[in-house]
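All values reported here derive from a predicted model rather than from experimental measurement.
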Amino acid sequence: MAENHDYFMAFALDAARAAGDRGEVPVGAALVINGHVVESDHNRTIEFGDPSAHAEALVLSRAARAGLDLGAATLYVTLEPCIMCAGAIVLSRIGTLVYGADDPKAGAVRSLYTAVTDSRLNHRCKVVHGVRAEEASELLKRFFKDLRRAAADRR
């Protein structure tokens, strides 16, 4: 099964690269049902002028509007979801969450909070972490390094 996780995480990584190319924080998500990617997107907070336009939130929203069975879905995300997205994952009743890099500053799956597995909530999902984490982490590090360099050049 791990090889499938690597395979499907590639779609999320491709979306993350597209985000970085557009000046967005390079986080991507892909939703898989029955072995098929049914939705994929990247962060669009700048493009949409909307702080809630995170990759996973966009994917979940479109899938829900399409009436897809999210309980049978696996959501792949390059970065550990934040508290907003973890809440959306719980509320959408996703079956499995697979993510790449941990987010020690804002992660709500295992770093700061354990929202998607909290027994006090009415839904919990299976979690697999660390899938292609180095690639996901490197995309983020490079993006922020380039951002800092560009800011320094403007000074």
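- Taking the side chain as every heavy atom from C-beta outward, Glu24 and Phe143 never approach each other to under 4.5 Å.
- Note on Val116 and Leu31: same hydrophobic cluster, where clusters join Ile, Leu, Val, Met, Phe, Trp and Tyr whose side-chain heavy atoms are under 4.5 Å apart, directly or indirectly.
- Nearest heavy atoms, Leu112 versus Pro104: CD2-O, 3.5 Å.
- Annotation: the span from Leu13 atom CG to His42 atom NE2 amounts to 13.5 Å, rounded to 0.5 Å.
- Between Arg22 and Glu47 a salt bridge is recorded (basic side-chain N to carboxylate O distance below 4.0 Å).
- Linking Ile, Leu, Val, Met, Phe, Trp and Tyr whenever their side-chain heavy atoms come within less than 4.5 Å puts Val128 and Val37 in one cluster.
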Show your working on side-chain hydrogen bond (donor to acceptor under 3.5 Å, both in side chains) between Thr45 and Asn43 and close with a plain yes or no.
-> CA-CA 6 Å; Thr45 59; Asn43 278 6; 5.6 Å; no
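- Under the 4.5 Å side-chain heavy-atom criterion for grouping Ile, Leu, Val, Met, Phe, Trp and Tyr, Leu91 is not connected to Ile89 through any hydrophobic cluster.
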Dump the intermediate steps for side chain to side chain contact (heavy atoms under 4.5 Å, CB included) on Leu68 and Ile33, then the final yes or no.
-> CA-CA 9 Å; Leu68 299 177; Ile33 299 176; 3.9 Å; yes
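- Rounded to the nearest 0.5 angstrom, Glu138 CD and Lys141 NZ are separated by 6.0 Å.
- Side-chain N or O atoms of Arg132 include none that pairs as donor or acceptor with a backbone N or O of Gly100 at under 3.5 Å.
- Cluster membership for Tyr7 and Leu139, using ILVMFWY side-chain heavy atoms within less than 4.5 angstrom, is shared.
- The OG1 atom of Thr96 sits 10.0 Å away from atom CG of Leu75, with the distance rounded to the nearest 0.5 Å.
- In this structure Thr114 satisfies the side-chain contact (heavy atoms from CB on, under 4.5 Å) test together with Thr117, sequence neighbours excluded.
- Of all heavy-atom pairs spanning Gly28 and Ala15, the tightest one is CA-CB, 3.9 Å.
- If you take CD1 on Ile46 and CG on Asp50, they are separated by 12.0 Å, rounding to the nearest 0.5 Å.
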Criterion side chain to side chain contact (heavy atoms under 4.5 Å, CB included) on Tyr99 and Glu56, from CA distance to verdict = CA-CA 11 Å; Tyr99 73 87; Glu56 54 270 62; over 6 Å; no
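- The list of side-chain hydrogen bond (donor to acceptor under 3.5 Å, both in side chains) pairs with a residue in residues 29-40, not counting sequence neighbours, reads Glu39-Arg62.
- Remark: the backbone N or O of Val109 is paired with a side-chain donor or acceptor of Glu80 at under 3.5 angstrom.
- In this structure, CG in Leu97 is found 5.0 Å from SG in Cys125, a value given to the nearest 0.5 Å.
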Test side chain to side chain contact (heavy atoms under 4.5 Å, CB included) applied to Arg148 and Lys145, step by step = CA-CA 5 Å; Arg148 286 189 298 275; Lys145 181 179 179 182; 4.0 Å; yes
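- Cluster membership for Val59 and Phe11, using ILVMFWY side-chain heavy atoms within less than 4.5 angstrom, is not shared.
- Closest heavy-atom contact between Tyr76 and Asn4: OH-O, 4.1 Å.
- Scanning all heavy atoms of the two residues, the minimum distance from Leu121 to Ala115 falls at CD1-O, 3.1 Å.
- Between the side chain of Ser92 and the main chain of Ala88, a donor-acceptor pair closer than 3.5 Å is present.
- Between Pro26 and Leu140 the shortest side-chain heavy-atom distance falls below 4.5 Å.
- Judged by distance alone, with hydrogens and angles left aside, the side-chain atoms of Arg93 form no donor-acceptor pair with the main-chain N or O of Val90 at under 3.5 Å.
- Residues Arg17 and Glu135 are paired through a salt bridge, judged by an N-O separation under 4.0 Å between the basic side chain and the carboxylate.
- For the residue pair Pro81 and Ala86, the shortest heavy atom distance occurs at CB-N, 4.1 Å.
- Looking at Asp102 and Arg110, a side-chain N of the basic residue comes within less than 4.0 Å of a carboxylate O on the acidic one, giving a salt bridge.
- Side-chain contact between Val98 and Met9 is present, with heavy atoms from C-beta onward closer than 4.5 Å.
- What you find for Phe8 and Gly35 is that their closest heavy atoms are CZ-O, 3.5 Å.
- Distance CG/Asp103 to OG1/Thr78: 10.5 Å, rounded to 0.5 Å.
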